[in-house]
Structures are given as structure tokens and as C-alpha cells.
Number of protein chains: 2
Amino acid sequence: MSTISTENYLKKIFNHNKAFGEKINAVKLAQELSVSNAAISDMAKKLSKHGLISYEKYKGIELTDKGEQMALNVIRRHRLWELFLIKVLDIPWSEVHEQAEVLEHHTSDKLIDRIDEFLGFPDFDPHGHPIPRKNGSLPDAQNYVTLAEAAEGSSYELMQVDDHEKKLISYLTKVGFVLNTRFVVIDKLDFDKSYTIKFNDTVLSVSQKISESLYLQEIIEAGEKND
Amino acid sequence: MSTISTENYLKKIFNHNKAFGEKINAVKLAQELSVSNAAISDMAKKLSKHGLISYEKYKGIELTDKGEQMALNVIRRHRLWELFLIKVLDIPWSEVHEQAEVLEHHTSDKLIDRIDEFLGFPDFDPHGHPIPRKNGSLPDAQNYVTLAEAAEGSSYELMQVDDHEKKLISYLTKVGFVLNTRFVVIDKLDFDKSYTIKFNDTVLSVSQKISESLYLQEIIEAGEKND
DNA sequence: ATATTTTTTTAAGTATGCTTGAATTCATAA
DNA sequence: TTATGAATTCAAGCATACTTAAAAAAATAT
Ligand SMILES: [Mn+2]
Ligand SMILES: [Mn+2]
Ligand SMILES: [Mn+2]
Ligand SMILES: [Mn+2]
């Protein structure tokens with residue numbers, strides 16, 4: 001009971017729960033996976049039978065412990081591949097996600113552990129997401145804020161970007177706004193809720209839409225009070 | 001029309017033709033792929049329809065140019081992965097084949113070309129097999145002899161080993177008889193057709209069965225006549 | 001030439017994972 | 001409380017890739 005499809009279902013269920021703190025609705029899951037509601041109905045039955053999810057209809061779908069372990073394993077393979085592809089093979093930042101989306105389903109434990117070791121047991125992937133460890137634990141990710149919530153005049157570091165936004169990541173690469181870049185919020189335009197930020201010698205205008213996909217950590221200068 | 005199954009069919013058809021210089025018989029193909037004759041019948045129809053093979057019944061199956069290009073591509077991916085896994089990730093010699101058997105079907109052109117470049121556009125895989133180039137051409141492999149055909153007293157270099165013989169390769173690794181090892185044939189025992197060979201400081205007895213899986217190139221010492 | 005054996009194909013069935021459209025079940029708003 | 005709409009499931013069908021058993025076709029042996 002570990003096929004490409006089931007692995008993708010488990011991953012989506014897990015990620016939704018992680019992002020929103022609640023079980024995912026069957027209709028939502030169908031939309032997210034681009035399949036029909038009937039397909040969800042079918043698959044939910046299979047996953048339940050195998051003890052991977054618990055599903056109360058009209059309530060939502062949740063992973064069991066067993067299902068969560070499987071999901072974490074897929075995510076581990078995904079994120080380790082992403083990091084390996086960009087670090088070792090120099091695959092562009094914007095492309096690693098879609099390559100990993102395939103490889104995550106075709107990698108033995110032995111191979112992924114070698115990749116993990118080769119990379120020095122990293123904690124974060126190229127988009128700033130935590131990489132589940134072999135034992136299933138997750139490095140803690142801070143509570144980031146999005147640029148849309150940032151304060152004028154403050155300094156931030158870019159900590160995380162949505163990995164599935166290929167076009168956005170191409171753009172960020174092009175303008176040099178990569179992960180771990182430190183910048184200052186120069187201006188927040190009320191008119192269109194866009195931001196003007198400055199990093200290195202670049203001044204960049206960031207639309208509201210983009211600002212919602214950039215996850216930041218505020219940089220507290222030495223000597224400044226935090227609170 | 002490029003699924004895991006079809007890729008495996010094409011590969012087998014190609015390899016048989018390469019090894020024996022003749023089209024493969026449908027029954028033989030069934031045995032090689034561990035499927036029923038009925039499955040071959042089905043698949044042969046599909047592959048023919050897509051112009052990948054030409055099949056005259058009771059005569060045998062042959063790749064078309066298009067089919068051969070596809071086969072070469074799969075083999076390219078397979079052999080590049082093998083080399084990458086052993087060189088970069090230090091996966092044991094005896095295990096790279098089975099890992100590559102999976103990855104060969106899940107690797108984009110972009111990724112395999114990066115791997116090729118990373119390895120410096122190599123000509124041979126870890127078992128001494130030629131790696132098809134991006135353009136479909138094959139580096140020439142010499143006409144090797146097997147140890148079973150070797151002459152007492154002569155010197156040879158181990159040039160190629162059957163990649164699917166996992167146990168054999170484990171054994172060769174254990175005793176240190178790896179690819180490109182140079183050795184002398186000390187003795188050939190008529191009794192069981194076994195060989196005694198010497199390389200570095202090791203004297204090894206090689207059974208007849210093993211001797212047939214080791215492909216060699218004779219080493220002509222400087223000053224010796226060839227013929 | 002005929003019989004036997006081998007090769008090949010057909011037919012029906014299984015499993016996964018989808019689809020669409022029609023039923024059904026449930027939640028909720030009037 | 002009942003009507004409406006949303007969520008869910010059922011039924012039938014499709015595609016891939018297999019299986020076994022039986023039938024058919026061709027090759028080979030006598
Ligand atoms: Mn990703
Ligand atoms: Mn996936
Ligand atoms: Mn191989
Ligand atoms: Mn394969």
C-alpha cells in the first residue's frame with residue numbers, strides 16, 4: 001500500500017493539516033489533487049482500510065500515526081532531493097520542486113539516507129522548509145511572518161518561499177532575492193498594498209500577491225529591544 | 001507511449017540484439033521479462049502500432065530506428081545513474097544496477113544531462129558498458145574475451161562484468177577483484193575448468209561459471225609481438 | 001502428408017486509479 | 001420542518017498491464 005497516488009494523497013493531507021491546523025475536507029482534497037470527488041471517495045476507503053487515515057464523512061480527513069509517518073517519509077525524500085539537486089547538480093531553484101515531485105516516489109531508504117549523509121544531515125530544504133529526519137521528527141521552523149504583515153522601517157531575512165510557485169521563484173532568482181537575503185522594508189504603499197524593499201544595492205517593488213508568499217524573520221539589531 | 005513497461009520491453013529487445021546479433025523471439029522475450037506469452041502478444045501490438053518495433057510472427061521482434069533511439073535513451077539514463085550513484089554517493093558496486101533500474105524511468109532530459117555533465121561526459125558505466133551519448137551514438141566497446149577463453153600465462157585487464165549478477169559483484173568486491181584490475185592467468189585446471197589468477201598480491205581461484213561472466217582485454221607487454 | 005509440438009492470439013478476469021453522470025445522504029437556511 | 005444545495009457514493013466505463021485457460025495458427029517431426 002504505497003503507490004505514487006497514495007503517497008501524494010498522504011502528503012496533501014499532511015500539508016493541509018500543517019498549514020491550517022485542521023483536517024482537510026474531502027471536496028478540498030479533490031480540488032487540491034485535481035481529481036473528482038468520486039476518486040476521493042474511492043481512495044479514502046482504501047486509505048482507511050489500510051489504517052492510514054481516519055475519515056468521518058462531512059467532517060474531514062486526518063492522518064493516523066501510521067499515515068503521518070508515511071507522509072513524513074515522502075516529504076523527507078522530496079526535500080532531500082530538492083536540496084541535493086540544487087546543491088550538487090546545480091539545478092535551478094525554480095525547477096528542483098518539480099523534479100523532486102517525481103523522484104520522491106522512486107527512492108529507496110538506502111539511497112535517501114546516503115543523500116542525507118552526503119548533504120550533512122541538513123535541516124532545511126531550498127525553500128526553507130524543514131526536512132523530516134529519518135526517525136520522523138521535524139526540525140522546528142520558527143513562526144515566520146509574511147511580507148504582507150511586515151512593518152515599515154524594519155529589517156527582515158527571507159526564510160521561506162512557497163515551493164510550488166515556479167514562476168515566482170524564477171522571478172526571485174532573476175532579481176537576486178534568494179533565500180536568506182536580508183533586507184529593509186522601505187515603504188508600504190497603501191494604494192495597492194505593495195512594498196518597496198531594499199537588499200544589497202537593489203531596491204525592489206513587491207506586489208501584494210507576492211508579499212503573501214514570502215515568509216520572513218525579523219532581524220533584531222544588537223542593542224535594540226525586542227518588546 | 002513511454003511507460004515503465006514499454007521502456008523495459010524496448011531495453012530488453014535492444015540488449016538481446018546487441019548481445020546475440022539477432023532479433024529476439026517472442027517466447028524468449030516473455031521469459032526474459034517474466035511475463036506470459038499473452039502479455040507479449042498484447043504489448044507487441046501496442047509497440048508496433050506506435051512504430052517502435054517491427055514484429056513478424058514466428059520470426060522475432062526488432063526495434064525500429066525510433067524504438068532504438070528510445071531504448072538507447074533508457075540505457076543512457078540507466079548507466080549514467082549507475083556511475084553517478086557509485087562515484088558521487090558511494091553506493092556499493094553491487095547495488096547501483098538495481099537502483100538505476102528504477103531511476104532510469106523517472107529522470108527528465110534536463111536532469112540526466114546535468115548528471116552527464118557533472119560526471120564529465122563519461123564513456124563507460126561501472127560495469128564497463130558503454131554509455132549512449134545524448135545524440136544516440138555509442139562509444140565503441142572493444143571485443144573482449146571472457147576469462148573462460150583466456151590463455152595460461154597471459155596478462156589481462158578486467159574490462160566488463162554482467163551488471164545484473166548482484167551476488168557475483170558482491171563477491172568480486174569482497175575479494176578486491178574490481179573493474180580495471182590487471183592480472184595473470186597462472187593456471188587453468190582441466191578437471192573443473194577453473195582458473196587460478198593473480199592480481200596485486202592476491203591469488204584467486206575462479207570457477208568456470210564465474211569465468212564466463214568476466215570480460216577481459218589481453219595486455220600486450222611492450223616489446224611483445226601481437227600475432 | 002499427417003501428426004505433434006510450439007507459438008501465438010483470443011477471451012475473460014484482476015488490480016489500480018481515474019472519469020462522468022446519476023443517485024443518495026446529510027447539513028442548513030428559510 | 002421542510003426544501004434546497006452541498007457532499008458523498010454508486011454505477012458504468014476507460015486505460016495500462018498483467019493473469020490463466022482455451023483456441024487457433026504455424027513450424028517441425030515422423
Ligand atoms: Mn518542493
Ligand atoms: Mn509527488
Ligand atoms: Mn545496470
Ligand atoms: Mn527498468
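Atoms considered below: every heavy atom in the structure, side chains included; atoms not considered: hydrogens, waters and symmetry mates. Proteins get letters first, then strands, A, B, ... in listed order; numbering begins at 1 in each. Bear in mind the structure is a predicted one, so any value in this text is a computation, not a measurement.
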Next on the checklist: The criterion is side-chain contact (heavy atoms from CB on, under 4.5 Å); which residues satisfy it with B:Leu179, sequence neighbours excluded?
Outcome noted: B:Trp93, B:Leu158, B:Val161
Next on the checklist: Whole angstroms only, please: what is the CG-P distance between B:Leu10 and D:dA17?
Outcome noted: 11 Å
Checklist entry - If you round to the nearest 0.5 Å, how far is CG of B:Leu216 from OH of B:Tyr144? => result 10.5 Å
Item to check | Residues that A:Ser48 engages under side chain to side chain donor-acceptor pair (under 3.5 Å), provided they are two or more places apart | outcome: none
Checklist entry - Does a salt bridge link B:Arg79 with B:Asp163, judged by any charged N lying under 4.0 Å from a carboxylate O? => result no
Item to check | 5' priority, DNA chain C, between A:Ile4 and B:Ala44 [closest heavy atom] | outcome: B:Ala44
Checklist outcome for this item: Across all chains, not counting sequence neighbours, the salt bridge (Lys or Arg N to Asp or Glu O under 4.0 Å) partners of A:Lys18 are none
Next on the checklist: Across nucleotides 18-30 of chain D, 5' to 3', mark each nucleotide with B, S or - according to how protein heavy atoms within less than 4.0 Å reach it.
Outcome noted: BBB----BSS---
Checklist entry - Going by number, which of residues 45-55 of chain A have a non-hydrogen atom under 4.0 Å from DNA chain C? => result A:Lys46
Item to check | Partner residues of B:Glu149 under the salt bridge (Lys or Arg N to Asp or Glu O under 4.0 Å) criterion, sequence neighbours left out | outcome: none
Checklist outcome for this item: A:Leu29 CG to C:dC18 P, in whole Å, measures 11 Å
Checklist outcome for this item: From CE of B:Met1 across to C1' of D:dA17 the rounded distance in Å is 11 Å
Which donor-acceptor pairs under 3.5 Å do the side chains of residues 30-40 of chain B make with protein atoms, sequence neighbours left out?
unit_1, atom_1, unit_2, atom_2, d
B:Glu32, OE2, B:Lys28, NZ, 3.3
B:Ser36, OG, B:Ala39, N, 3.1

Next on the checklist: Any side-chain N or O of B:Thr3 below 4.0 angstrom from OP1/OP2 of D:dA17?
Outcome noted: yes
Checklist entry - Near DNA chain D, under 4.0 Å by heavy atom, which residues of residues 21-28 of chain A? => result A:Ala26, A:Val27
Pairs of donor and acceptor atoms involving the side chains of residues 118-139 of chain A, under 3.5 Å and at least two apart or interchain, shall be tabulated with distances.
unit_1, atom_1, unit_2, atom_2, d
A:Asp125, OD1, A:His127, N, 2.7
A:Asp125, OD1, A:Gly128, N, 3.0
A:Asp125, OD1, A:His129, N, 2.9
A:His127, ND1, A:Glu82, OE1, 3.0
A:Arg133, NH1, A:Ser137, OG, 2.9
A:Lys134, NZ, A:Asp113, OD2, 2.5
A:Asn135, OD1, A:Ser137, N, 2.8
A:Asn135, OD1, A:Ser137, OG, 2.8

Checklist entry - Taking CD1 from A:Ile40 and P from C:dG17, how many angstroms apart are they, rounded to a whole number? => result 12 Å
Checklist entry - Got a sec, which pairs hit salt bridge (charged side-chain N to carboxylate O under 4.0 Å, His left out) with one end in residues 165-177 of chain B, sequence neighbours left out? => result B:Glu98-B:Lys166
Checklist entry - What pairs of residues pass the side chain to side chain donor-acceptor pair (under 3.5 Å) test when at least one of them lies in residues 99-111 of chain A, not counting sequence neighbours? => result A:Glu7-A:His105, A:Asn8-A:His105, A:Lys11-A:Glu101, A:Lys11-A:Glu104, A:His78-A:Glu104, A:Trp81-A:Thr107, A:His97-A:Glu101, A:Gln99-B:Ser108, A:His106-B:His106, A:Ser108-B:Gln99, A:Lys110-B:Glu95
Checklist entry - With A:Lys46, which residues qualify under salt bridge (Lys or Arg N to Asp or Glu O under 4.0 Å), at least two apart? => result none
